[in-house]
Amino acid sequence: MFYYNLSKAFSQRALIAVLICVLGINAHSQESDPSPWSRFGFGVNMQTYSSPQQLMGGVISPLMERDVINPNQPASAAGCTSTILQSSIYNSINSMVEGDSNTTAITGNIGALSMIIKQNNNKTAMMFGLIPNSSRGYSLYREYEDQVAGNITEYYRGNGGTARSYVGLARAFKGKKWHHISDEDSVLINNRSLQVGAQFDYLFGEVVSNEVLDIENVTFADAYISTSMRHRGFRGVFGLQAYQLLKIKYDQNKNFIRSTKLYLGGTYSTRSNLNTDYERLRAIGSFESNQFYDTAYYYSDPLIGETPAKWSAGAAISLESASGNRLLVGFDYAGEDWSIYNTDSTNNYLLGDTVNVQWGKGSKLSTGISFKPPSRGSGKSVLSRTTYKAGYSIDKYPLSYNSNGEFNQLAEWRVSCGLSMPIERSRSNSRVHLGLEYGKRSLMDVDGTFLDNTLEENILNIQIGVTLSPFYKNLWL
């Protein structure tokens, strides 16, 4: 049982120490998301699992937060106040139901591992890190009886995934103006800013699929098919963010009263080639003894596919007051069109089965809200300095499946909530993130309705993240 005592700084630091140890054990792992839908393509596209953004439903493009990392928005690094290290761990419970059959899978791993290097008061920042991209994880079987061979069982199993490593730079351009309080007095304020950034992304990973035909009658040989694809690809990612002060008010003594701010943002990822080492093996033998002694077919060849361009755009508005109260509401939309590859054979090898699966137009709509309560009193407790977040997203995957003669797109919705709290009795800006996420994944028709009588997945994620930022004498905690 996890116990967290707000009154003791040791408990917070112990939590972070344990998290760092876990991350150190498996810092280069890829995400795990067990799903039968991951059988084709790269597998299931992974959530970022960058806690500060995931708690708001995955709103990414417009967020300009100073004390956390936004790894999928290159421009955001320029707005951070100092050097930051950030990552998270998560536990996922995936309940799958189809007809009268059901099962539950429990997995866990690390989320995005990111770092920003930036000097205080510097307008340029460097970023690098590792982000989960996709996951393949399924284990299925089908039993039936043949009049000649007897009982037959077909097994389908897959594993692996892909990730993205990145390195980039960001730069901020800030504008100032004199704000008139009265005819005789004014204050200098930052009324607008523009942030630009660029990343160099490297996609890598391996996805494996295994198929076994197990025939109970020993006079017949069992069959085994294994397909392995090792992917590599480079692309550029560009980001832009803008901030505009809409309204601000001071009293006659130059004390801040309240303000309204607007944030805009967008990203663009270039189309790129995908280099794949493709291997396919067919063998016969005995499944029970795990001995496949005769290779019937083997194929190995370097193939070249392609990934489409991807873009995102969003906006947010925040209301702040002198008491420390802050309310922010934002939305984000992202899209990538894989359907362009249905007209040629460029990426057919990624699907494997073009009869039952087609490429589609992927998209994601996210909305989120964050709230920081007023900081009153001399103590200013941890709870009053904590930011509370919630969000909702609907994600359409770039894959469509043949369901009763019609192709329907794979989609999911998720709701999330959580909090981001500072470390008590620490002089650094380090924070701990705790979050809960629940969603459903299934096929969706053209009207946006989830279909009945198809495989449904109910997903529950629990996240624990940490953002470490050094302070005086390089103190991170």
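Just so you know, residue 1 is the first one in the sequence shown, and it goes up from there. Computed from a prediction, not measured in an experiment: that's the story for all the values here.
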Notebook entry, point to check: What pair of heavy atoms forms the shortest contact from Asn72 to Arg164, and how long is it?
Noted result: OD1-NH2, 2.8 Å
Checklist line | CG/Asp344: more than 12 non-hydrogen atoms of other groups inside 6.0 Å | finding: yes
Notebook entry, point to check: Can we say Arg235 and Glu306 salt-bridge, meaning some charged N sits less than 4.0 Å from an Asp/Glu carboxylate O?
Noted result: no
Item checked: Any donor-acceptor N or O pair under 3.5 Å, side chains His231, Thr162 -> no
Check: Does Glu336 come within less than 4.0 Å of Lys361, counting only side-chain N to carboxylate O?
Finding: no
Next item on the list: Could you tell me whether the side chains of Ser209 and Thr227 share a donor-acceptor contact shorter than 3.5 Å?
Entry: no
Checklist line | Cation-aromatic face contact Arg232/Phe204, 6.0 Å, 45 degrees | finding: no
Margin query: Could you check whether Ser50 and Gln53, counting side-chain N and O atoms only, form a donor-acceptor pair closer than 3.5 Å?
Written below: yes
Notebook entry, point to check: Is a side-chain donor-acceptor pair under 3.5 Å present for Asn347 with Tyr349?
Noted result: no
Note to self: Assess whether a salt bridge exists between Glu457 and Lys440, defined as any Lys/Arg side-chain N lying under 4.0 Å from an Asp/Glu carboxylate O.
What the structure shows: no
Notebook entry, point to check: Just by modelled atom types, is the Gly57 backbone N or O under 3.5 Å from a matching donor or acceptor in the Ser366 side chain?
Noted result: yes
Checklist line | Ring-ring centroid check Phe128 Tyr166, cutoff 6.0 Å | finding: no
Margin query: Taking the ring of Phe371 and the ring of Tyr388, is the distance between their centroids below 6.0 Å?
Written below: no
